[in-house]
Amino acid sequence: MHFLRRHPVPADEITPESVYRRRRELLKLLGLGAAGLAAGCGAAPAPETAAEEAPAGRPLPIARRTDYARGEAETRYRDASHYNNYYEFGTGKGDAAANGARFRPRPWSVDIAGHAEITGRFALEDLVKPDALEERVYRMRCVEGWSMVIPWVGVPLGEVLRRFRPTSRAKFVAFTSVARPDEMPGLHYPILDWPYREGLRIDEAMHPLTLLAVGMYGHELPTQNGAPLRLVVPWKYGFKGIKAIVRIEFVETQPRTTWNVAAPEEYGFYANVNPEVDHPRWSQRTERRIAGSGLALFGNRIATLPFNGYAEQVAPLYAGMDLRRDF
Ligand SMILES: Nc1nc2c(c(=O)[nH]1)N[C@H]1C(S)=C(S)[C@@H](COP(=O)(O)O)O[C@H]1N2
Ligand SMILES: [Mo]
């Protein structure tokens, strides 16, 4: 069973090195260098609008917009909403989009528990006020080696958490996804130890880049992207971005998290994007950027950046830590 618990990697992700090398040979023949390669030469994105296919959810009011991805081309809505990881609906990239129709994201409430002065069950509308919503364009890097650029809509998680007045014993924050077997067919398979769980150190949770998202592309989240409430931690691998959150608990010790429990040698608790620390089965030096209309065969392979390009903002959180050991 152990192989089932591993992050399945599609064939085109397992062999990027050979494809990459073949492509390098090709570029050499054409007289193009590594610069062209890094820029995704041969797969120049066509001018595009982010919303090729209109998002189905209601449009959201947005107080301000900030691009945290240096103007990099956004992933098309169609790709961001059809190339997903959401094992509660199946392990295939299209399963969540195909199998989500039964899922009811409303009404929704979240249990706030643990070391805080205020705890209890809160309706989504009281947790995330619509007048505070902002749009943030972030890069998203999956541990499997692909990446996107997505305009999320949400509020900084820290601003939400502070309202519950966590005590000094709150050293970590533990998150739990909903598990409804009648609405989520993947739950019938013991692929992971359900419900899906994630966690952050309290300073990571309070960092201004950490977003509690309720939308993307200006609209409510579709089911496959984690409706109605998911986490977005742009400097960490995508699996930290837990979907359909129903419980947030302030805890004293490092919580058990789903992928870390499934394969601790492959998926660390911290999961900071780090090109220097390879996954045991593949390199993390480069990523396939799913954005624009690149050649599907190659994607746009680009260099992976430390902390996914957010080092300036978040590297100080890890001062003095050995990020090879605490990966
Ligand atoms: N509950 C839950 N959350 C999850 C997952 C999951 O399977 N279940 N997959 C994670 C992984 S591996 C990634 S890469 C991102 C994908 O988010 P996206 O589909 O919105 O791009 O969601 C993360 N959150
Ligand atoms: Mo992922």
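Counting starts at 1 for both ligands and their atoms, following the listed order.
At under 3.5 Å, a nitrogen or oxygen of Y87, whether backbone or side chain, sits near a nitrogen or oxygen of ligand 1. At least one N/O-N/O distance between E88 and ligand 1 falls below 3.5 Å. Any N or O atom pair closer than 3.5 Å counts here, and Y83 shares no such pair with ligand 1. In terms of N/O distances under 3.5 Å, ligand 1 is not approached by I150.
Here the two rings, on F307 and W235, have centers that are 6.0 Å apart or farther. No close placement of the Y77 and H219 rings is indicated, their centers lying 6.0 Å or farther apart. Taking the six-membered ring wherever Trp is involved, the centroid distance between the rings of F172 and F250 does not fall below 6.0 Å.
For R230, every heavy-atom contact with ligand 1 shorter than 4.0 Å involves the side chain, none the backbone. When non-hydrogen atoms are compared, ligand 1 lies under 4.0 Å from the side chain of Y196 (C-beta onward) but not from its backbone.
At a 4.0 Å cut-off, not a single heavy atom of M216 sits close enough to ligand 1 to count as contact.
Numbered from 1 in the order shown, with element, the atoms of ligand 1 that lie under 4.0 Å from a heavy atom of S177 read 1 (N). Near C142, the atoms of ligand 1 lying under 4.0 angstrom from a non-hydrogen atom of the residue are 14 (S). Heavy-atom contacts of M140 reach the following atoms of ligand 1: 21 (O) (cutoff under 4.0 Å).
Here L305 sits alone; no ILVMFWY side chain lies under 4.5 Å from its own, so it joins no hydrophobic cluster.
R76 and E74 are not joined by a salt bridge, as no carboxylate oxygen comes within less than 4.0 angstrom of a charged side-chain nitrogen.
Which of K243, R197, Q224, K240 comes nearest to atom 18 (P) of ligand 1 through a heavy atom is settled by distance: it is K243. Comparing A244, A271, G238, A97 against atom 23 (C) of ligand 1, the shortest heavy-atom distance belongs to G238.
By the rule that hydrophobic residues join a cluster once side-chain heavy atoms approach within less than 4.5 Å of another member, F327 and Y237 end up as members of separate clusters.
Each of E72, M140, R141, R139 was scored for a side chain to side chain contact (heavy atoms under 4.5 Å, CB included) with S147, with one residue passing: R141.
Applying the 6.0 Å contact sphere to CZ of R165 captures no more than 12 heavy atoms from other residues, nucleotides or ligands.
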